[in-house]
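Since this is a predicted model, take the numbers as computed values, not measurements. In what follows, chains carry the letters A, B, and so on, assigned in the order in which the sequence lines appear, proteins first and then strands, with residues in each chain numbered from 1.
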Amino acid sequence: MPTYNPKVIEPRWQRYWEEHKTFKTPDDSPKPKLYILDMFPYPSGAGLHVGHPEGYTATDILCRYKRMRGYNVLHPMGWDAFGLPAEQYAIQTGTHPAVTTQQNIETFRRQIKMLGFSYDWDREINTTDPAYFKWTQWIFLELYDTWYDKEQGRGRPIRELPIPPEIQAQGNDAVRAYQDSKRLAYMAEVPVNWCPALGTVLANEEVIDGRSERGNHPVVRMPLKQWMLRITDYAERLLADLETVQWPHAIKEMQRNWIGRSVGAEVDFALAPPAGPATIRVFTTRPDTLFGATYLVLAPEHPLVDAVTTPAHRATVTAYKNQAATKSDFERTELAKTKTGVFTGAYAVNPVNGAKIPIWIADYVLGSYGTGAIMAVPAHDERDFEFARQFRLPIVPVVLPPETWLKHSRVGGIVASLAAGDVPQLSRENVSHPQPHLPTVSQFEYKVMTAAHRVWDECGGDTTRILQRLYGDHVEWFGCFVDEGTAINSGPFDGLSTAEFKTKVTAWLAEHGKGASKVNYKLRDWLFSRQRYWGEPFPILHEVDATGKRTGNIAVLSLDELPLTLPELEDYQPTGKPEPPLSKAKDWLTVVRDGKRYVRETNTMPQWAGSCWYYLRYLDPKNDQAFCDPAKLKKWLPIDLYVGGAEHAVLHLLYSRFWHKVLYDRGHVPCPEPFLRLVNQGMILGEMEYTAFQKISGGAVPPGLVSAEQVDFDGDVAVHKKTAAKLMLIKLDEDQVEKKGDAFVLKEDPSIRVDARAYKMSKSRGNVINPDQVVDQYGADSLRLYEMFMGPLEAVKPWSMRGVEGVFRFLNRVWRLMIDERAENMRLLDAVQDVEPDKETLQLLHHTIKKVTDDIEALAFNTAISAMMELANHLTRQTVRPRSVLKTFVLLLSPFAPHVAEELWQVLNGFREGTLAYEPWPSYDESLLKSDTLQVPVQINGKLRAVVTVPADCDKEKLEKAALADTKIRGLLEGKTIRRIVVVPAKLVNVVTD
RNA sequence: GCCGAAGUGGCGGAAUGGCAGACGCGCUGGACUCAAAAUCCAGUGUCCUCACGGACGUGUGGGUUCAAGUCCCACCUUCGGCACCA
């Protein structure tokens, strides 16, 4: 009984493709190239998630389609296999991470192969393979060997770095130190997340709300010598080149925000006597507000803090500094609802007006951004405003807001009502006789009105002018104004617009040697080392003296010493000190070279390292002479389409682009951007869940159900809004609820609203769909088809097992369209005949070819599948099914459901041996897309009233005539005056009447 | 708070400014069957009507247009990202 049985046909075709190397990609094909890439997975112990095949299926469909269109398609897969979970497992069980990793890769590979993706498996890579990370280490050394020439705007070899004569004069060590200070890879003391309870340093992603993810222990910041990559040097190009790539707008925007470019000025404030000759340099994006700077703030870690602090304030300043240093970033931000800070006792001189202003320190100023110091302009900066109010510092307005802003302010409202005479007890006339305790007028309103009245006549009763006066005199009434306006209280600059002011004052500052324009970025240099075992070792040696102390000199391994592999360790337990586990490998650690003693770098590279360049290695995965043959790079780059999850929107993509640009500058890759076009697949959520809330008896609320609108619910914990009592969650079945209005309610009691939503899949929630089970039950073709049929690729969408069943039924229907299920062996139905299709069928077929072709090109797979369903439904109704039509249909289906398509293709072609993977893609005949007659809707005043059938080539006049001739339309137009008739040929007729 | 995306039947979703709801799920009825499953056929936005037919309908309010789910303005909600970046 040859019924549709994916369990038999899928493994068979997978074996066929593998044995025949059907999808092996030649490097020397004359066909046009396409490089279509999936973000490679981290092979976790949990196995493949249904989210993975979403993007993989999309690209696979496109690849299969493009091959049939005559392209030479490169479509590889590999493993991003360094990372924490394998190491955690090693700590717990003693199993070497390489073993765990290998097992996980086996599982992932089996699962991915079971889905029938057309990868060229000969190009498979693994970031933990020494033959791979040899080149990761090599690239690191290239970064180490590169400095950024700001004049030329590109990275250059360190030997080309010009050495200033005064450095040269100080000897070799000075030269080396100078070079080291310019390298793209450099060492610096930076704070890390040290967890004393776990005795280890944690990655940022292991720290949640200032505590360790495992065990919930406190995490403190501790300075540690780390490798850093100077990505900030590339900030400008990373930003600018976003213009050249076809990425989703949102992702570009996220990268722009992350880079965070802002243009402003650095301004030098001299210290007021007696503090000394030093100046404090601040960064501001609003040099136009310089006249409003009423105090300076230094970050607590600013190097000049100790120097400026006066003896009388030293104790409080030191205490504040210590407090700020031990606080985690989390505490500094989240807990700092109110601003804190202390006065240093010192004063600075405002360079534009000579005003003496106090210098404070406060942790709302970050040491790591700009110069670590700011000029505070409380009238025009929210944070400064808040701080100034708290510490009663002066607020001077220097930007006059536009009229509309003033009128919409609280003061504007009061002045308006005063002008309109809406305050009977307090009209313009009697406001001059103080009556401060009128019941309907607040103290504040009274103050405003009195002040307004005082300037009323002077301003000619003009409310705008009154408000402008009040703003100048009482800015604190108006609050903070941060937008652009007109300069006031700014001496010679008064009356200038914000933009003009900025230009002029920056020029003035430069002229007087007190400042210069400056661009700053939020982007920080990339912390590139981890205190971990399971990562790439750095190919770096630190020279040590006789006592074992580092001399500060660094040597690098040469290419023939690479790869530097990880030492075997007996235990993977953290050292208990902030020292990486590699420091335990004593034999591995020490190296003697040319009579000098060295210790190896014990940090390892972060997981990003391997994924930063993997797309290059696919092009030449087995090369042991170079990371890739330049000819192959030239042939295949850039990547035509890159598909993956939006969780990599910022870091992975930014880091890869950075490495790529460095390699480009050093002449190793031929193009400045790696990923020409990027598409993010949307997340797949679990099945829809319905939740009711029940009070817990004995609590603050009596037992019973609570309607959802009275509940604060985050998906895990529900709290009664009024009583703050915790509520119990009750999972409901779909048929216990119904829709009422725009919400779901309980069928039994429609007054009880129910929460309905789909959640992110997670082990703890128990809503994870395992692809193995889906394939076991319905087959890979159904899984692939369903993942594409769910909705647009980019959209977030909930899983539905019934939906899988729906596409499975479709594949069964396709099968039965041609296969005689009642026969003993595989054979075609008698209905399948070598006849010419009728016109309707032919037209539908060509319509479907066009639709599927266009939709694949647009990655709109869901609608392509709908179109094929419609064709299948049509053919099901036909008693005679032309073989030619079925053959075309199977080719259309093949990128989506390749196994069943191959099987049916065989039968349709008389069991001829071979694959359809390189059959030419069906083409359509334009002339068959149009039918002879058209159904054209006829509207009266925009409302559909009739449909008329006309010849396809019906012109405007004939169409209008046909519409008006329609009996129904005639009846409805009876006695009406026709004012206008809109005729859109082949589309519609709209009759406009009175 | 800031930036971005999205709101259409019971559900997933479809619609170059031109017949809203294609296709699928679910549901209802029918055929087949001793029966069930599977399959096939028909129906299925809401309300009014025996029916013919009609009214309403794409988060809310306004606007542009002969015509708006689609364009413009304001707002609401949900999701994602960032968050003292001067």
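- Heavy atoms of A:S800 sit nowhere under 4.0 angstrom from any nucleic acid atom.
- If you find the closest nucleotide of RNA chain B to A:M869 and to A:T876, the one lying nearer the 5' end belongs to A:M869.
- Going from atom CZ of A:F810 over to atom P of B:G13 covers 20 Å, rounded to whole Å.
- Relative to the side chain of A:P792, the nucleotides B:C19, B:C66, B:G13 differ in distance, and B:G13 lies closest.
- Nucleotides B:A68 and B:C76 have their P atoms positioned 26 Å apart, rounded to a whole Å.
- A:H380 and A:F481 have perpendicular rings, their planes meeting at more than 60° on a 0 to 90° scale where under 30° would count as parallel.
- For B:G9, the base is syn relative to its sugar; the glycosidic angle is within 90° of 0.
- With no hydrogens or angles considered, no side-chain donor-acceptor pair links A:E734 and A:Y690 at under 3.5 Å.
- With hydrogens and angles ignored, a donor-acceptor pair closer than 3.5 Å exists between the side chain of A:K339 and the base of B:C84.
- Between A:T863 and the phosphate of B:A22, there is no side-chain N or O to OP1/OP2 separation shorter than 4.0 Å.
- Nucleotide B:U65 holds its P atom 14 Å from the CZ atom of A:R979, rounded to whole Å.
- Between A:R980 and B:A67 there is no side-chain polar atom (N or O) within less than 4.0 angstrom of OP1 or OP2.
- Rounded to the nearest Å, the gap between the P atom of B:G69 and that of B:U60 is 12 Å.
- The separation of B:C79 from B:C27, taken at their C1' atoms, amounts to 30 Å, rounded to a whole angstrom.
- Between the side chain of A:W815 and the main chain of A:N5, no donor-acceptor pair closer than 3.5 Å is present.
- When each of B:C3, B:G18, B:G24 is scored by its nearest atom to the side-chain atoms of A:E253, the top-ranked nucleotide is B:C3.
- Phosphate proximity of B:C56 to A:K943: present, with a side-chain N or O under 4.0 Å from OP1 or OP2.
- Ranking B:G10, B:C56, B:G12 by closeness to the A:M790 side chain, first place goes to B:G12.
- Among the atoms of the strands shown, none is found under 4.0 Å from any heavy atom of A:R261.
- The side chain of A:D363 approaches B:C84 more closely than any other nucleotide in the set B:A5, B:C79, B:C84.
- No engagement by A:N812 is indicated, since no non-hydrogen atom pair under 4.0 Å with the nucleic acid exists.
- Counted within 6.0 Å of CD on A:E794, heavy atoms from surrounding residues, nucleotides or ligands total more than 12; the atom is thus considered enclosed.
- Taking atom NZ of A:K739 as the reference point, atom P of B:G10 lies 6 Å away to the nearest angstrom.
- Across all strands, A:V992 comes closer than 4.0 Å only to sugar-phosphate atoms, never to a base (heavy-atom distances).
- Put simply, CH2 on A:W799 is 14 Å from P on B:G13, counting in whole angstrom units.
- Pair assignment for B:C27: B:G43, on the basis of Watson-Crick or G-U wobble contacts that are both within less than 3.5 Å.
- Contact check, A:N941 against B:C66: no side-chain N or O comes under 4.0 Å of OP1 or OP2.
- Taking side-chain N and O atoms only, A:R809 has a distance below 4.0 Å to OP1 or OP2 of B:C25.
- Comparing B:G9 with B:C25, their C1' atoms sit 13 Å apart, to the nearest whole Å.
- Here the P atom of nucleotide B:G17 and the CG atom of A:L988 are 15 Å apart, to the nearest Å.
- Counting only heavy atoms from C-beta on, A:N990 has its side chain closest to B:A67 among B:A67, B:G24, B:U39.
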Could you walk me through whether A:S368 and A:R524 pass the side chain to side chain donor-acceptor pair (under 3.5 Å) test, one step at a time?
-> CA-CA 8 Å; A:S368 51; A:R524 305 291 150 79; 2.8 Å; yes
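- Residue-level contact check: A:V796 touches the backbone only, with heavy atoms under 4.0 Å from sugar-phosphate atoms and none from bases.
- Heavy atoms of A:S262 sit under 4.0 angstrom from primed sugar atoms or phosphate atoms, though from no base atom.
- At a threshold of 4.0 angstrom between heavy atoms, the contacts of A:Q939 include nucleobase atoms, whether or not backbone atoms are also involved.
- A gap of 15 Å separates the C1' atoms of B:G45 and B:A14, to the nearest Å.
- Contact annotation for A:N520: no contact, since no heavy-atom pair falls under 4.0 Å across all strands.
- When the P atom of B:G4 is taken as reference, atom CG of A:L678 falls 19 Å away, rounded to whole Å.
- Looking at the side chain of A:R813, the nearest of the listed nucleotides B:G10, B:G18, B:G24 is B:G24.
- One can place CG of A:D966 at 17 Å from P of B:C19, the figure rounded to the nearest angstrom.
- For B:C19, the OP1/OP2 oxygens have no side-chain nitrogen or oxygen of A:K987 closer than 4.0 Å.
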Is there a side-chain contact (heavy atoms from CB on, under 4.5 Å) between A:F291 and A:N350 once you walk through the steps?
-> CA-CA 8 Å; A:F291 286 82; A:N350 188 326; 5.7 Å; no
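- Among the heavy atoms of the strands lying under 4.0 Å from A:Q935 is at least one base atom, whether or not backbone atoms are also near.
- Counting non-hydrogen atoms of other residues, nucleotides and ligands closer than 6.0 Å to NZ of A:K747 gives a total above 12.
- Taking the side chain of A:E870 as heavy atoms from C-beta on, and the options B:G12, B:A86, B:C23, the nearest nucleotide is B:C23.
- Paired with A:L829 under the rule side-chain contact (heavy atoms from CB on, under 4.5 Å), one option of A:R881, A:E821, A:M818 passes, and it is A:R881.
- Among the protein residues, A:R802 comes within range of the sugar-phosphate backbone only, with heavy atoms under 4.0 Å from sugar or phosphate atoms but none that close to a base.
- Phosphate contact (OP1/OP2 of B:G54, side-chain N/O of A:K968, threshold under 4.0 Å): present.
- Set against B:G13, B:C41, B:A55, the side chain of A:K797 has B:G13 as its closest nucleotide.
- Minimum atom distance to the side chain of A:L944 is reached by B:C19, of the listed B:C40, B:C66, B:C19.
- Look at A:N680 and you won't find any side-chain N or O under 4.0 angstrom from OP1 or OP2 of B:A5.
- Using a 4.0 Å heavy-atom criterion, one finds that A:R256 contacts no nucleic acid atom at all.
- Between B:A55 and B:U39, the distance separating the two C1' atoms is 40 Å to the nearest Å.
- Taking every side-chain heavy atom of A:K522 into account, B:C82 is the closest of B:C82, B:C84, B:G24.
- The residue among A:I865 and A:H249 whose nearest nucleotide of RNA chain B lies closer to the 5′ end is A:H249.
- Using N1 to N3 plus N6-O4 or O6-N4 for Watson-Crick, or N1-O2 and O6-N3 for G-U wobble, each under 3.5 Å, B:C79 pairs with B:G4.
- Within the 6.0 Å centre-distance limit, the rings of A:Y295 and A:F387 are counted as a close aromatic pair.
- To the nearest angstrom, C1' of B:A86 lies 11 Å from OH of A:Y295.
- Ring-plane geometry between A:H648 and A:H652 is classed as perpendicular, the angle between the planes exceeding 60 degrees on a 0 to 90 degree scale with a lower cut at 30.
- B:U16 and B:A86: their P atoms are spaced 41 Å apart (whole Å).
- Taking atom P in both B:G13 and B:A83, the straight-line distance is 30 Å, to the nearest Å.
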